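Remember, it's a predicted structure, so these values are computed and weren't measured experimentally. Here, residue 1 is the first one in the sequence, and each next residue gets the next number.
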Amino acid sequence: MIKTLEGMVEKAKSLPPKTIAIALAEDENTLGAIDQAVASGFAKALMFGNKDKIIKCCDDLKIDHHRFEIIDTPSAEIAVSEAVKAVKNNEADVLMKGLVNTDKFLKAVLDKEKGLLPPKTVMSYVCAIEIPARDKLLFVTDTAVLVTPNLEQKAAMLKYAVQMANKFGITKPKVALLAATEKVNPAMESTLTDAMVCQMVARKQLPDCVVDGPLDLFLACDPSAAEIKGVPNLINGEADILICPSLDAANIFYKGLMLFASGELAGLIQGTSKPVVVMSRSESKKSKFYCIALSCLMASSENEK
C-alpha cells in the first residue's frame with residue numbers, strides 16, 4: 001500500500017516510462033517538473049509549442065532540451081490540438097496542460113470527434129492529498145469539475161476514486177460520502193444521492209469498496225467521533241476517499257489542507273480515455289511533478305512490472 005506521494009513516485013519509477021504530450025510547453029514550472037520526471041526514469045516528453053521559447057526556457061533553467069522531443073507549433077490552439085491528437089493516436093500515454101488557458105485546453109479534450117472523452121462519459125477530478133496529520137493518503141473528489149454532482153455523476157466520482165486508490169494498493173478502500181449531517185434529509189438533495197450510492201455499492205453496481213453516507217467530516221476522518229456522536233457507521237474515521245457534495249465544498253476543503261495543514265497533492269482529470277494533467281499555471285514544480293508521477297501510475301496496465 002502506497003502511503004505517501006514519494007512512495008507513489010517510487011512506484012512510478014518501477015514501471016516502464018510513459019510518454020507525456022505537453023500542450024504549450026514553454027513554461028518554467030512545467031519544464032522543471034517534466035525534466036525531473038524524465039531524469040527519474042518514469043516519463044518521456046513530447047512537447048508542443050514555440051520551439052525557440054521552449055529551448056530558451058530550458059537554457060534559462062540549465063535543462064538539456066535534447067532529452068525532449070519538441071514539435072514547433074505556430075499557435076497555442078494548434079499546440080493543444082496536436083498534443084490531444086498525439087494522445088488519441090497512441091503516440092503518447094498522457095496529456096498535460098502547459099502555458100495555455102484551461103478553457104481552451106479542456107475544449108480540445110472535450111471535442112466530440114477529436115477529443116479524449118468517450119460518449120456519455122462523466123468527466124471528474126480526483127486528487128491524492130498527503131498531510132502530516134495522517135499516516136496515509138486521502139483521496140478527494142471532485143475539486144475541479146462537477147459543480148453539484150447528481151446521482152450519475154456521484155457514482156462516477158466514486159468509481160474513479162476507487163480505481164485510483166486501487167492503483168495505490170488499496171484493494172477495498174473506505175469511502176465516505178460527505179455532507180453537513182449524517183442524517184438523510186429530503187431538503188438536502190446530496191444526502192439522498194448519498195443514500196442511493198450506498199445502495200448501488202451494496203448491489204454491486206459500482207466497484208468494490210466500503211461505503212457509508214451521508215457522513216460529516218468528523219465521522220469520516222476522526223476515529224473517536226462515532227462514539228462521541230453516537231453514530232455507528234462503516235467508516236469509523238478511517239476514510240481513504242472523500243466524496244464531496246459540491247465543487248465549492250471540495251475546492252475549499254482541499255485548499256484549506258494546502259494552506260493550513262502543509263498538504264501536498266497529485267491530481268488528475270478522470271473519465272477520459274487516457275490520463276489528463278490539468279493544473280494552474282501558477283502551481284509549483286513539485287506539485288506538477290507529483291501529478292506527472294500520478295499520471296504515469298494511472299496509465300500503467302495491471303501486467304506491467
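Scored by the ring pair (Phe, Tyr, Trp, His ring centres under 6.0 Å) test, Phe289 finds Phe42 as partners (sequence neighbours excluded). Annotation: salt bridge (charged side-chain N to carboxylate O under 4.0 Å, His left out) contacts of Asp208 (sequence neighbours excluded): Lys172. For Phe168, the ring pair (Phe, Tyr, Trp, His ring centres under 6.0 Å) partners two or more places apart in sequence, or in a different chain, are Phe139.
Side chain of Asp212 to backbone of Leu234: a donor-acceptor contact under 3.5 angstrom is found. Checking side-chain atoms of Thr141 against main-chain N and O of Tyr125 turns up a donor-acceptor pair under 3.5 Å. A donor-acceptor pair under 3.5 Å is formed between the side chain of Glu130 and the backbone N or O of Leu5.
Just one of Met8, Lys167, Lys136 meets the side-chain contact (heavy atoms from CB on, under 4.5 Å) condition when paired with Ile2; it is Met8.
Taking the charged nitrogens against the carboxylate oxygens, Asp93 and Lys44 have no contact shorter than 4.0 Å, which rules out a salt bridge. Ion pair Lys56/Asp52 not flagged as a salt bridge, since none of the NZ, NE, NH1 or NH2 atoms sits closer than 4.0 Å to an Asp/Glu carboxylate oxygen. Salt bridge present: Glu182 and Lys229 bring a charged side-chain N and a carboxylate O closer than 4.0 Å.
No more than 12 heavy atoms of other residues, nucleotides or ligands shown are found within 6.0 angstrom of CD on Glu227. In this structure, Phe253 places its CZ atom where more than 12 heavy-atom neighbours from other residues, nucleotides or ligands lie under 6.0 Å away.
Closest approach of Pro214 and Thr181 over heavy atoms only: CB-O, 3.4 Å.
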